[in-house]
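See structure below.
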Amino acid sequence: MRLSIVVPVFNEAESIGPLLREIGAVASTLPIEDVVIVDDGSRDETVRAVLDLKPDVPRLRLVRHLSRRGQSTAIRTGISQARGDLIVTLDGDGQNNPADIPLLFEAYKGAAGANPRLLVAGQRTTRRDNTVRKLSSRVANAVRSSILDDGVSDTGCSLKLFRREDFLALPFFNHIHRFIPALMKATGVEVILVGVSHRPRERGTSKYGVWDRLWVGIHDLIGVSWLIRRTLPRVDTEEGA
């Protein structure tokens, strides 16, 4: 099992350097195939910051969108370009701690013998955001979980580990990154939850507002709920003698 770490970034020139150094430190303890940074049309010095660190981070790769396409597209681009059979995703703002990646990998290895089709989803044990963001996230997670029945209390945590082929088999649409556990569960992937840490944003600024997430989320919930009701688990087959 080889891991690809996929990190979508947009205007994270201040955060990406420290984050990559942390990823580099963790990578020495894991079977890392590559670290794929997807720059989603940044207009600051993000690209330069990544290129400056290529000599220091083994197997670091940079993929660029020439214009901004959104987080979901950036994630899919990174996964499509990744060379590992297992994918780890995390945000580029430094709030996810790369030191938690081994927790997800150990959880996967512990359960993969019975069923390799697994999604290990990080769940932030303590949110390091302001009160408004924490409250809005709590409400959104409760509504989503009640409608989609995905069993995940914190789907907004970007720190996840799953098989590359399981993600690429999903129907793609904008904002899919908010619904990966529900969609994978609908196709027969087992979802495992692992508590992870969360850090306050120390550099740069958030790219999302509370209202942006709310209105987009309502429309997406309707569509994803419809899609899941019409999704059948994958059928495993073998060729006859």
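From a predicted model like this one, the values you see are computed outputs, not experimental measurements.
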Return the minimal non-hydrogen interatomic distance between Ala82 and Val6, and the atom names on each side. CB-CG2, 4.4 Å

With clusters defined by side-chain heavy atoms of hydrophobic residues (ILVMFWY) lying less than 4.5 Å apart, directly or transitively, does Leu170 cluster with Val191? yes

Answer yes or no: does atom CD of Gln123 have more than 12 heavy-atom neighbours from other residues, nucleotides or ligands under 6.0 Å? yes

State whether the side chain of Ser15 and the backbone N or O of Glu12 hold a donor-acceptor pair below 3.5 Å, judged by distance alone. no

Within the structure provided, determine whether Val47 and Leu62 are in side-chain contact (heavy-atom separation under 4.5 Å). yes

Measure the spacing between OG of Ser80 and CG of Leu168 and express it to the nearest 0.5 Å. 5.0 Å

Side-chain heavy-atom pair Phe105, Val120 within 4.5 angstrom cut-off: no

Tell me whether Arg68 forms a cation-pi arrangement with Phe10, defined as NZ or CZ under 6.0 Å from the six-membered ring centre and within 45 degrees of its axis. yes

For the hydrophobic clusters of this structure (ILVMFWY residues joined by side-chain heavy atoms under 4.5 Å, transitively), does one cluster hold both Ile87 and Val189? yes

Interatomic spacing from CZ in Arg124 to CG in Leu159 - rounded to 0.5 Å: 10.0 Å

Calculate, to the nearest 0.5 Å, the distance between atoms CG and CD1 belonging to Asn11 and Ile16 respectively. 12.0 Å

According to a hydrophobic-cluster definition based on side-chain heavy atoms being under 4.5 Å apart (Ile, Leu, Val, Met, Phe, Trp, Tyr only), do Leu19 and Ile101 belong together? yes

For the CG atom of Leu90 and the CG atom of Leu161, what is their distance to the nearest 0.5 Å? 11.5 Å

Could you check whether any side-chain heavy atom of Thr73 comes within less than 4.5 Å of a side-chain heavy atom of Arg76, counting everything from C-beta outward? no

Are the charged groups of Glu22 and Arg199 less than 4.0 angstrom apart, N to O? yes

Test item: Ser72 side-chain N/O and His177 main-chain N/O as donor-acceptor pair under 3.5 Å: yes

List the atom of Ala13, the atom of Glu45, and the distance in Å for their closest heavy-atom pair. CB-C, 3.6 Å

Would Ile5 and Val36 count as a side chain to side chain contact (heavy atoms under 4.5 Å, CB included) if you check the C-alpha gap in whole Å, the side-chain angles of each, and the deciding distance to 0.1 Å? CA-CA 6 Å; Ile5 299 176; Val36 184; over 6 Å; no

Where Gly122 and Cys157 come nearest, the two heavy atoms and their spacing: O-CB, 3.2 Å

Flag, side chain of Asp100 to backbone of Ser197, donor-acceptor distance under 3.5 Å: yes

Might you point out which heavy atoms bring Ala107 and Ile192 nearest each other, and give the distance in Å? O-CD1, 4.4 Å

Salt bridge present between Arg163 and Asp85 (N-O < 4.0 angstrom): no

Is there a donor-acceptor contact under 3.5 Å from the side chain of Ser42 to the main chain of Asp39? no

How far does CD1 of Ile180 sit from CG of Asp166, to the nearest 0.5 angstrom? 11.5 Å

Does any pair with a residue in residues 101-114 pass side chain to side chain donor-acceptor pair (under 3.5 Å), and if so which ones, sequence neighbours excluded? Glu106-Lys109

Can you tell if the side chain of Val7 reaches within under 4.5 Å of the side chain of Val38, non-hydrogen atoms only? no

Result of checking Arg61, Arg164, Arg59, Arg2 against Asp34 for salt bridge (Lys or Arg N to Asp or Glu O under 4.0 Å): Arg61

Side chains of Val196 and Asn97: does their closest heavy-atom pair fall under 4.5 Å? no

Shared hydrophobic cluster for Leu20 and Val26 (ILVMFWY, side-chain gaps under 4.5 Å): yes

Please check: side-chain N/O of Asp40 versus main-chain N/O of Arg69, any donor-acceptor pairing under 3.5 Å? yes

Tell me, with the steps shown, if Val50 and Leu60 meet side chain to side chain contact (heavy atoms under 4.5 Å, CB included). CA-CA 9 Å; Val50 174; Leu60 175 61; 4.2 Å; yes

Taking atom CD of Glu14 and atom OG1 of Thr46, what is their separation to the nearest 0.5 Å? 9.0 Å

Ring geometry between Phe162 and Phe167 (parallel below 30°, tilted from 30 to 60°, perpendicular above 60°): parallel

Thr89 side chain to Ser158 main-chain N or O, any donor-acceptor pair under 3.5 Å? yes

Answer yes or no: is there a side-chain heavy-atom contact under 4.5 Å between Thr77 and Ile75? no

Leu103, Ile32: one ILVMFWY side-chain cluster at the under-4.5 Å cut-off? yes

Sub-3.5 Å donor-acceptor pair from the side chain of Asp91 to the main-chain atoms of Asp93, do we have one? no

